Amino acid sequence: VQLQASGGGSVQAGGSLRLSCAASQNILIIHLGAWHRRAPGKQRELVASTTHTAITNYGDSVKGRFTISRDAAKNTVYLEMNNLKPDDTAVYLCNLQGWENTQPIRRPFNSWGQGTLVTVSS
């Protein structure tokens, strides 16, 4: 399953961005959608995740500022980022896991997007 991530860009501190991650193929269900980020010189970290039952989880550094959501009909997961800080500068990677609606046997998938760059200036 291919993913298309979009919405990155450059903003000043305090600004907002909305990232999108859409699955391009015939999807039965996305049971987990997540955003990770990789900042220069740092390890990849989980930013936020959401399940198909809307259970969400956030990294400590983004709690209260970022919101993850999903549109099941569009097979898309979003990340709304508010009050951005320079420390949020990173490549943001989306990860979707679920099942393809293939016949005769449905297949599981675990796919990563290509990454979208977010740059926050002070």
Side-chain angles (χ1 to χ4, degrees):
V1 174
Q2 291 186 331
L3 306 184
Q4 182 65 45
S6 61
S10 297
V11 295
Q12 290 189 327
S16 299
L17 285 172
R18 187 192 196 206
L19 306 183
S20 299
C21 179
S24 62
Q25 295 179 222
N26 189 16
I27 303 300
L28 177 65
I29 187 172
I30 296 172
H31 61 74
L32 180 70
W35 287 94
H36 300 248
R37 67 186 181 188
R38 185 187 300 118
K42 296 183 179 180
Q43 290 187 332
R44 187 179 70 196
E45 65 171 328
L46 174 67
V47 176
S49 65
T50 182
T51 70
H52 69 283
T53 55
I55 296 173
T56 57
N57 181 51
Y58 295 92
D60 288 341
S61 62
V62 306
K63 285 179 180 176
R65 300 188 297 122
F66 290 12
T67 302
I68 191 169
S69 62
R70 56 188 293 152
D71 185 331
K74 296 181 178 179
N75 296 321
T76 301
V77 174
Y78 303 96
L79 184 68
E80 185 76 32
M81 304 184 295
N82 297 313
N83 190 20
L84 282 160
K85 304 176 180 180
D87 283 349
D88 296 318
T89 295
V91 174
Y92 284 70
L93 302 152
C94 63
N95 172 234
L96 301 184
Q97 301 176 30
W99 291 85
E100 292 184 73
N101 193 20
T102 49
Q103 300 296 332
I105 299 174
R106 289 161 180 163
R107 293 193 299 254
F109 71 92
N110 182 346
S111 298
W112 289 82
Q114 79 278 17
T116 183
L117 177 62
V118 172
T119 303
V120 185
S121 58
S122 58

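Just so it is clear, the model here is predicted, and its values are computed rather than measured.
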Exercise: identify the closest heavy-atom pair between [X] and [Y]:
X      : Y      : answer
Ile29  : Phe109 : O-CE2, 4.0 Å
Ala90  : Leu117 : O-CD1, 3.5 Å
Arg65  : Ser61  : NH2-O, 2.8 Å
Pro86  : Ser121 : CG-C, 4.4 Å
Arg106 : Leu28  : CD-CD2, 3.5 Å

>> Do Val1 and Val77 sit in one hydrophobic cluster, given that two such residues count as connected whenever their side-chain heavy atoms are within less than 4.5 Å of each other, even indirectly?
In response: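 As far as the 4.5 Å side-chain criterion goes, Val77 and Val1 are connected within one cluster.
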> Do Leu93 and Val47 sit in the same hydrophobic cluster, where Ile, Leu, Val, Met, Phe, Trp and Tyr count as joined when their side-chain heavy atoms come under 4.5 Å apart?
Replying inline: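 Per the 4.5 Å side-chain linkage, Leu93 and Val47 are not co-clustered.
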Using only atom types and a distance under 3.5 Å, with no angle test, would you say the side chain of [X] pairs donor to acceptor with the backbone of [Y]?
X      : Y      : result
Asn101 : Asn26  : no
Arg70  : Leu32  : no
Tyr58  : Ile68  : yes
Asn95  : Ser111 : yes
Thr67  : Glu80  : no

When rounded to the nearest 0.5 angstrom, what distance separates [atom1] in [X] from [atom2] in [Y]?
X     : Y      : atom1 : atom2 : answer
Thr76 : Leu19  : OG1   : CG    : 12.5 Å
Ile27 : Glu100 : CD1   : CD    : 5.5 Å
Lys85 : Ser122 : NZ    : OG    : 13.5 Å
Cys21 : Leu96  : SG    : CG    : 4.0 Å
Gln4  : Asn75  : CD    : CG    : 14.0 Å
Tyr78 : Thr50  : OH    : OG1   : 13.0 Å

> Parallel under 30°, tilted from 30 to 60°, perpendicular over 60°: which one fits the rings of Tyr92 and Phe66?
Replying inline: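 Taking Phe66 first and then Tyr92, their aromatic rings sit tilted (interplane angle of 30° to 60°).
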> Do other residues, nucleotides or ligands put more than 12 heavy atoms under 6.0 Å from the CD atom of Gln12?
Replying inline: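 Result for CD/Gln12: open.
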>> A quick test of your reading: do over 12 heavy atoms of other residues, nucleotides or ligands sit less than 6.0 Å from CD of Gln2?
In response: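 Result for CD/Gln2: open.
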> Going by heavy atoms in the side chains, are Val118 and Met81 under 4.5 Å from each other?
Replying inline: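 Side chain of Val118 against side chain of Met81, heavy atoms only: contact under 4.5 Å found.
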>> Using the rule side chain to side chain contact (heavy atoms under 4.5 Å, CB included), only one of Leu79, Thr116, Val62, Thr89 pairs with Arg37; which is it?
In response: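 Answer to the side chain to side chain contact (heavy atoms under 4.5 Å, CB included) test with Arg37 among Leu79, Thr116, Val62, Thr89: Val62.
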> Can a salt bridge be assigned to the pair Lys63 and Asp60 using a cut-off of 4.0 Å between side-chain N and carboxylate O?
Replying inline: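 Yes, Lys63 and Asp60 are salt-bridged.
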